[in-house]
Amino acid sequence: MISLTLYTTLGCHLCTQVEALLSALANQPVALKRVEISEHAALLERYGELIPVVVDSQGRELTRGFEVARMSDWLGERGWLDEHALASLMSPEDSPPKGMRLHNGRRFLG
């Protein structure tokens, strides 16, 4: 099971998108600890314009994770990406170029 923290706020539609993408792209079940940033001044200041923010157990953050490419790269770096699910979500024009490989979250051709 993947344990993550999601910094969110009430009515955040992008947060809902992130949760759906996590469920669709992760290669194992995801346990989300949701943290309401509006209840903490420091969190509101830090994440107010960045939510949704997903954080792994090492404290590494993902902002703008509602984008399929960003979410898949972040999950892939941790060994949590379901490649088959990613392929089914991507349209042909979104597909990575043939011969593309990921290394440290960056894409390389060749």
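The analysis underlying the following values was restricted to heavy atoms, covering all of them including side chains, and did not include hydrogens, waters or symmetry mates.
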Could you check whether any side-chain heavy atom of [X] comes within less than 4.5 Å of a side-chain heavy atom of [Y], counting everything from C-beta outward?
X	Y	value
S38	L10	no
I51	I37	yes
V68	L86	yes
T16	V18	no
L81	M71	no
L4	K33	no

Practice task
Give, for atom CG of D73 and atom CD of E67, the distance between the pair rounded to the nearest 0.5 Å.
Solution key: 10.5 Å

Practice task
Check the hydrophobic clustering (I, L, V, M, F, W, Y; side-chain heavy atoms under 4.5 Å; chains of links allowed) and say if L6 and L43 are grouped together.
Solution key: no

Please tabulate, for the side chains in residues 23-30, all donor-acceptor contacts under 3.5 angstrom to protein atoms that are two or more places apart in sequence or on a different chain.
| residue | atom | partner | partner atom | Å |
| --- | --- | --- | --- | --- |
| S23 | OG | E19 | O | 3.2 |
| N27 | ND2 | G79 | O | 3.0 |
| Q28 | OE1 | M1 | N | 3.1 |

Exercise for the section: Fit a plane to each ring of Y47 and Y7, take the angle between them on a 0 to 90° scale, and name the class: parallel (under 30°), tilted (30 to 60°) or perpendicular (over 60°). Expected result: parallel

Practice task
Could you go through the side chain to side chain donor-acceptor pair (under 3.5 Å) check for E36 and T9 one step at a time?
Solution key: CA-CA 5 Å; E36 174 61 51; T9 194; 2.7 Å; yes

Practice task
Taking R34 for its side chain and T5 for its backbone only, find out whether a donor-acceptor pair lies under 3.5 Å.
Solution key: no

Exercise for the section: Any chance you could lay out the side chain to side chain contact (heavy atoms under 4.5 Å, CB included) test for L22 and L75, step after step, and finish with the verdict? Expected result: CA-CA 9 Å; L22 281 169; L75 290 171; 4.1 Å; yes

Handout entry: Where A69 and S72 come nearest, the two heavy atoms and their spacing
Key = O-OG, 3.1 Å

Handout entry: Nearest heavy atoms of L50 and V53, plus distance in Å
Key = O-CG2, 3.6 Å

Exercise for the section: Decide whether a cation-pi geometry holds between R78 and W74; the criteria are a distance under 6.0 Å from NZ or CZ to the six-membered ring centre and an angle within 45° of the ring axis. Expected result: yes

Practice task
Applying side-chain hydrogen bond (donor to acceptor under 3.5 Å, both in side chains), name anything that partners Q58, two or more places apart in sequence or on another chain.
Solution key: R60

Handout entry: Non-neighbouring partners of Q17 that pass side chain to side chain contact (heavy atoms under 4.5 Å, CB included), sequence neighbours left out
Key = H13, L14, F66

